[in-house]
Protein chains: 2
Amino acid sequence: MTRWSIGDLAKASGLTVRALYHYDEIGLVVASERTASGHRRYTPDDVRRLYQVRSLRQLGLSLDEIRSALSRSDSLRPIFEAQLAALTAQAHQVEALRSRLTALLDGHTTESLLSTLEMMSVYESYFTADQLTDLRSRAAAMGPEAVEALKASWLELVKQLRQHMADGTPASDPRVVELSRQWDALGAKFTGDDPAIKAAAQRSWEENKTSISTQIGWPADNGLVEYVSQARAAR
Amino acid sequence: MTRWSIGDLAKASGLTVRALYHYDEIGLVVASERTASGHRRYTPDDVRRLYQVRSLRQLGLSLDEIRSALSRSDSLRPIFEAQLAALTAQAHQVEALRSRLTALLDGHTTESLLSTLEMMSVYESYFTADQLTDLRSRAAAMGPEAVEALKASWLELVKQLRQHMADGTPASDPRVVELSRQWDALGAKFTGDDPAIKAAAQRSWEENKTSISTQIGWPADNGLVEYVSQARAAR
DNA sequence: CTTGAACCTCACGCCACGGGAGGTCCTACG
DNA sequence: CGTAGGACCTCCCGTGGCGTGAGGTTCAAG
């Protein structure tokens with residue numbers, strides 16, 4: 001038995017018959033021979049190629065990448081390096097999401113979860129409108145992790161401010177004033193230290209406050225923004 | 001302007017017009033109103049919902065998950081927790097792939113990259129044939145990270161053995177014998193300490209050696225397996 | 001009134017297959 | 001030698017979250 005049927009090969013390799021059909025269709029692993037009636041016969045070379053493909057798939061490469069990797073063996077190393085870079089980037093993204101979710105779950109009540117998210121989302125939009133490119137490049141310069149760290153700090157701030165609001169702490173209270181200072185400091189990190197950009201962001205914020213946030217009638221968080229404004233005024 | 005056109009909303013939210021069409025199509029964010037000619041008019045409530053959707057998307061939730069999350073706000077927390085668990089699992093997978101790729105790039109020549117992978121792939125198949133379920137459960141018990149650690153150790157072993165072969169070190173050399181011992185120890189970790197399973201795995205290995213690996217005529221690694229066999233005999 | 005931008009619907013493409021329909025072929029058993 | 005049932009064949013639709021046209025209508029500014 002020097003030729004393999006598709007079913008036997010599927011069992012031996014742990015792949016499905018359907019996957020082998022697919023590899024055949026796209027020309028990645030083609031059965032070199034057929035029986036008179038059209039059944040696939042895989043030669044030892046075909047089997048070898050399948051195992052190569054399988055091993056590369058386990059590294060997370062796409063079928064197209066595998067195809068070009070197998071076409072010239074000297075392209076393996078750059079492809080691996082690219083894949084490693086992609087995986088590293090993905091690891092950072094996943095870690096960023098994880099930290100955000102952890103911060104959310106850890107610090108916020110069930111009721112405030114959605115409105116907190118919504119507020120962050122709208123707040124982010126204030127800047128993506130006009131200075132979008134500027135902020136994107138700034139975010140790129142800081143690195144995604146730093147951006148996520150900022151967002152996590154922000155979540156913490158919102159949590160504490162909400163707590164003070166719920167407790168009825170006046171906005172002029174030193175603790176609240178301190179939090180409002182941190183709020184502005186965070187905003188400054190987003191907008192950078194350049195006063196011109198800061199002013200533009202502030203203008204953007206004020207304009208949009210009357211366009212978006214009042215339009216959608218923020219239920220609880222409109223109050224929060226007001227609260228921070230009052231605390232800021234108390235400085 | 002208390003109603004938003006789709007283009008303005010796209011600009012404000014940073015999403016594309018096509019994405020908004022899609023959300024409308026699947027009923028996730030529907031424009032509550034239309035002009036006489038059929039142009040979408042988004043009400044403030046629609047806008048609010050869009051920002052909620054966008055914020056949940058940024059956490060990596062699927063549109064279906066978002067739909068159910070928004071249908072009952074009390075389902076947010078369990079969904080977040082599930083997402084956190086999924087992200088944690090994904091982080092482990094990515095990390096496992098990264099460590100494998102790093103081990104490969106770090107220790108192997110361009111020529112040996114593919115054959116090393118192929119060998120691992122075939123070797124793995126020896127066990128997935130008959131004792132597949134047994135090994136899968138064992139792998140599950142060890143956890144994916146432990147499995148990846150084993151594979152990384154294996155890569156290191158192969159690297160050193162290949163080096164000795166290239167240097168012409170005889171298989172009876174104590175260093176090579178030691179490596180062969182580690183090779184078997186690694187195999188034992190794969191197959192477990194149960195002698196019965198070990199024997200079965202050994203049989204499987206021997207049988208398949210004559211079926212698969214000789215069939216596909218391993219170019220360089222056939223020699224490596226031989227080399228290890230000789231070193232094992234020298235013990 | 002005209003033009004160009006914005007908007008509409010319809011529909012195919014992506015990626016790596018899963019799953020099913022409907023038919024042919026192989027193999028072991030009686 | 002017949003037959004049953006498993007293995008195999010091709011064709012085609014579905015997945016998720018839109019991107020990217022095609023081809024037509026409508027809006028807003030000049």
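Heavy-atom basis, side chains included; hydrogens, waters and symmetry copies ignored. On a predicted model such as this, the values are computed, not experimentally measured, just so you know. Below, chains carry the letters A, B, ... as their sequence lines are ordered, and counting in each starts from 1.
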Visitor: Under 4.0 Å, counting only non-hydrogen atoms across every strand here, what does B:L63 touch: a base, just sugar-phosphate, or nothing?
Guide: sugar-phosphate
Visitor: Map A:D64 and B:R34 onto DNA chain C by nearest heavy atom, then report which one ends up closer to the 5' terminus.
Guide: B:R34
Visitor: So B:I26, base contact, sugar-phosphate only, or nothing? Heavy-atom distance under 4.0 Å.
Guide: nothing
Visitor: Provide, to the nearest angstrom, the distance between the OH atom belonging to A:Y21 and the P atom belonging to C:dG19.
Guide: 15 Å
Visitor: Can you confirm whether the side chains of B:R40 and B:S5 place a donor and an acceptor under 3.5 Å from each other?
Guide: no
Visitor: So, OP1 or OP2 of C:dC17: does either fall under 4.0 Å of a side-chain N or O from A:R57?
Guide: yes
Visitor: Rounded to the nearest Å, what distance is computed from the CG atom of residue A:L28 to the C1' atom of nucleotide C:dC17?
Guide: 13 Å
Visitor: From the options C:dC17, C:dC7, C:dC25, select the nucleotide whose nearest atom is closest to the side chain of A:A19.
Guide: C:dC17
Visitor: Please check the phosphate of C:dC7 (OP1 and OP2 only) for any side-chain N or O of B:S5 closer than 4.0 Å.
Guide: yes
Visitor: Can you tell if the side chain of A:V29 reaches within under 4.5 Å of the side chain of A:L20, non-hydrogen atoms only?
Guide: no
Visitor: Rounded at 0.5 Å granularity, tell me how far CG in A:L97 sits from NE2 in A:H92.
Guide: 13.0 Å
Visitor: Please work out if B:S62 contacts a base, only the sugar-phosphate, or nothing of the nucleic acid, heavy-atom cut-off 4.0 Å.
Guide: sugar-phosphate
Visitor: With no hydrogens and no angle check, just 3.5 Å: does a side-chain donor-acceptor pair link A:Q58 and A:S55?
Guide: no
Visitor: Using the test salt bridge (charged side-chain N to carboxylate O under 4.0 Å, His left out), find all partners of B:E33 that sit at least two apart in sequence or belong to another chain.
Guide: B:R3
Visitor: Assess whether a salt bridge exists between B:R67 and B:D64, defined as any Lys/Arg side-chain N lying under 4.0 Å from an Asp/Glu carboxylate O.
Guide: yes
Visitor: Closest-nucleotide mapping onto DNA chain D: is A:R41 or A:E25 further toward the 5' terminus? I mean the 5' end.
Guide: A:R41
Visitor: Rounded to whole angstrom units, what separation is found between the CG atom of A:L56 and the P atom of C:dA16?
Guide: 13 Å
Visitor: Going 5' to 3' along DNA chain D, between which two nucleotides do contacts with chain B fall, using a heavy-atom cut-off of 4.0 Å?
Guide: D:dG17 to D:dC27
Visitor: So, does B:R77 use its side chain to make a donor-acceptor pair with the main chain of B:E81 at under 3.5 Å?
Guide: no
Visitor: Within the pair B:R18 and C:dC7, is there a side-chain N or O less than 4.0 Å away from OP1 or OP2?
Guide: no
Visitor: Counting heavy atoms from C-beta on, name the nucleotide in C:dC25, C:dG18, C:dC7 closest to the side chain of B:H39.
Guide: C:dC7
Visitor: For B:H22 and C:dC10, give me the distance from atom NE2 to atom C1', rounded to whole Å.
Guide: 15 Å
Visitor: In this structure, how many angstroms lie between the P atom of C:dC15 and the CZ atom of A:R67, rounded?
Guide: 11 Å
